[in-house]
Amino acid sequence: MIDIHSHILPGVDDGAPDVETSLEMCKIAVNDGVTTMAATPHMLDGIHNVTRETIISGVADLQKRLDENNIQLNVVPGADIHINVDFINLYKSGSLVTLNDNGKYALIEFPPSTIPHKSDEFLFSMQINGVVPIITHPERNQSIQRHPEQAVKWAESGNIIQVTAASITGELGKEAKDCSMKLLEAGLVHVIASDAHSATWRAPGLSAARKIIADIISEEEAELATQLRPESIINGFPIDLPEPKKLTATTNKHWFFKWFSK
Ligand SMILES: [Fe+2]
């Protein structure tokens, strides 16, 4: 399996605090069946001042430590880029890091509760500049939890949806789990990733979520979400996205309808 989203670089953001934790996280990933992992620190989030140079040199250092410790994991660079009006200028100036630094796909993170004004224009501007947006964990966004139909529009516009493995397993709470199930049934979970931040809480690993997808949808879909699409992303190859299915009838019901119908 290939994990396109993790915070395994030591001491750069709110992920691994030191190289020992990084190595521990990588071991957990390998034991779970992960062969390639993108190190994707937060970028442009207004909190962590992570530069392109930090990421590129950090990945090279971490790969060296993995090889020295005989941990069989391939680490590639990337970034968890907060949605930002300056994206295009920064991208063109070479300040950002796309996945595997190949200029084809970039992780885009939204705020936890809202969808900023003009987000659709932002995503479209990325696409016309040749970068496919991968929208990270929409199932954790409160606005998407209330209006998952927004994710249908994103997918129909050619954006890739990445759901966090721990949302599918329920470790990130009921709301994230319920929303991820709706997205899954509508064919909107294009990729799953760990978004791992530590070796304990929010640890690496995709296999538990992969099994749930295989059980609920199909083995083929599980393979697409954990291996085939991530592989195309890392290699910079195009991906044919499936046509989204209709969201289930209960999806858009207001909470009090659901409460009364219990
Ligand atoms: Fe992240």
Side-chain angles (χ1 to χ4, degrees), residues 1-17 21-22 25-26 28-29 32 34 36-52 54-56 58-59 62 75-84 87 96-101 105-116 119 123 126 131-142 144-145 151 154 159-169 171-173 175-176 179-180 183 189-206 209 225-226 229-230 233-234:
M1 294 181 288
I2 296 175
D3 188 352
I4 63 164
H5 184 172
S6 75
H7 297 262
I8 49 170
L9 285 193
V12 298
D13 62 1
D14 58 346
T21 307
S22 300
M25 290 169 76
C26 290
I28 292 170
D32 191 66
V34 173
T36 296
M37 201 166 192
T40 58
H42 293 288
M43 247 187 162
L44 307 181
D45 65 350
I47 302 169
H48 308 95
N49 190 22
V50 182
T51 64
R52 172 182 171 80
T54 307
I55 296 173
I56 301 297
V59 166
L62 179 57
V75 182
V76 298
D80 190 4
I81 305 173
H82 201 85
I83 189 165
N84 186 293
F87 181 95
L96 302 181
V97 185
T98 56
L99 280 167
N100 203 15
D101 208 23
Y105 296 92
L107 298 182
I108 298 295
E109 183 178 47
F110 281 73
S113 55
T114 56
I115 304 300
S119 291
L123 296 169
M126 282 182 66
V131 185
V132 178
I134 301 177
I135 299 170
T136 61
H137 46 69
E139 81 286 355
R140 294 176 57 201
N141 180 289
Q142 290 164 11
I144 298 298
Q145 289 170 357
W154 282 336
N159 302 293
I160 292 175
I161 309 287
Q162 177 255 295
V163 166
T164 298
S167 296
I168 292 175
T169 59
E171 289 163 72
L172 295 178
E175 289 78 11
C179 188
S180 63
L183 298 180
V189 180
H190 301 142
V191 176
I192 60 167
S194 72
D195 194 8
H197 278 68
S198 83
T200 50
W201 164 240
R202 299 175 78 183
L206 302 175
T226 58
R229 290 191 190 115
I233 290 166
I234 296 299

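Residue indices begin at 1 and follow the sequence shown. Side chains included, hydrogens not; waters and symmetry mates left out as well; all remaining heavy atoms used. Whatever order the structure lists ligands and atoms in, that order sets their numbers, starting from 1. None of the values given here were measured: they were computed from a predicted structure.
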- Message: Can you tell me which N/O/S atom of D80 has the shortest distance to the Fe ion (ligand 1)?
- Response: OD2
- Message: Which residue is it: T164, D80, T136? I am looking for the one with a side-chain hydrogen bond (donor to acceptor under 3.5 Å, both in side chains) to H5.
- Response: D80
- Item | 2.8 Å cut-off met by an N, O or S atom of H197 to the Fe ion (ligand 1) | no
- Message: Checking T51 against T54: is there a side-chain donor and acceptor pair closer than 3.5 Å?
- Response: yes
- For the residue pair H42 and H197, does the interplanar ring angle fall in the parallel (under 30°), tilted (30 to 60°) or perpendicular (over 60°) class? tilted
- Item | Nearest-0.5 Å distance, CG of residue N141 to OG of residue S113 | 7.0 Å
- In degrees, rounded to 10 degrees, what angle do D195 atom OD1 and H5 atom NE2 make at the Fe ion (ligand 1)? 80°
